Amino acid sequence: MFNALVVEKDEESGKTSAAVKQIGLDDLPEAEVTVAVDYSTVNYKDGLCIGPGGGLVRKYPHVPGIDFAGTVEESSDDRYKPGDKVVLTGWRVGEAHWGGYSQKVRAKADWLVPLPEGLTTRQAMAVGTAGFTAMLAVMALEDHGLVPGHGPVLVTGAAGGVGSVATAILANLGHEVAGVTGRPETADYLKSLGATQIVAREEINETVKRPLEAETWAGCVDAVGGDMLARVLGQMKYGASVAAVGLAGGAGLPATVIPFLLRGVNLLGIDSVMQPYQNRLRAWERIARDLPMDKLEAMIVPATLGDLPGLGRDILKGQVKGRVVVDVNA
């Protein structure tokens, strides 16, 4: 028997509750690879799945945790053998399939990636889906022409998980980074990650009548969406790109097509869930190379399985800073 965070639903009231419970291997869903988990992390989707589900959880009882890293214990797939270190992000694990808030998990071999050389399982979960998404966003901006020296790169929601990692990576690559935050107390934290400019959220989160403003940003990693994304599109430099990674500010986009037509601005959608294997390898290799590990360490907030119900509520309220690393064996 081993520990897992189990979410259960009362059929009469429809309310959910989450608690650490003991389960066994027979309780786990069938899949080719059994992994002893070292660490997991907390993302916005995890908050939804720990709580009311947000439409993501298909059936209860459920074990959330969309990310995990650990050691293979058993495998019926030749690609993995006992002792191999592996990472999993995405593939709707922790949503439709039991996830990483458990000391042991089963997963399909296709969903796993070998732990990149130079990273520990703890560091990999400090990265997690948020950092993986940030790296995909930076790669997409680079693929569309972003190079250091063209001007500041804007990161919205900069103190969150995606924003923190994006800020550290971009600064390490030689970019000026402007971090948008609605929490003034995070300014020093963002500067420690490499941000050279702090932009108050209220300066940029309202739409304006003018479809174009002064050309300001050479690129943007946007975790907010909504009114802020609409405003930012009108401030991009000619030919610049915005990598859209989230919707913390809403799923709507009250924008015009003018920035696309008159400035050649690109809006790049970033999905981390269904990324093909080769793209995953490329992103993880870049993370190991381009994310300063001392900066990553500064983002880490340690947690245990027992902390998760509270952290799930906090992240939905935008009250989690940096990267939560969950030691499932603590």
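Worth saying up front: this structure is predicted, and the values here are computed from it rather than measured.
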In chain order, what residues pass the side chain to side chain contact (heavy atoms under 4.5 Å, CB included) check against [X], with sequence neighbours excluded?
X	result
A230	T207, L253, P254, A255
Y44	L48, L316
A283	F132, M135, L136, M139
A130	N43, V162, R323

* Quick one: side-chain hydrogen bond (donor to acceptor under 3.5 Å, both in side chains) partners of T16, sequence neighbours excluded? -> none

How about [X] and [Y]: does a side-chain donor come under 3.5 Å of a side-chain acceptor?
X	Y	result
T156	D222	yes
R280	T89	yes
Y39	T120	no

* Asked: Does H144 reach the main-chain N or O of A140 with its side chain, forming a donor-acceptor pair under 3.5 Å?
  -> yes

* CD (E206) with more than 12 external heavy atoms under 6.0 Å -> no

* Asked: Between R122 and E297, is there a side-chain N and carboxylate O pair less than 4.0 Å apart?
  ->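 So R122 pairs with E297 through a salt bridge.
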
* **Carboxylate-amine/guanidinium proximity below 4.0 Å for K108 and D110** =>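 Looking at D110 together with K108, the answer is no, because their closest N to O distance does not fall below 4.0 Å.
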
All N/O donor-acceptor pairs, side-chain side in residues 23-33, below 3.5 Å, sequence neighbours left out:
from	atom 1	to	atom 2	distance (Å)
D27	OD2	G24	N	2.7
E32	OE1	A109	N	3.0

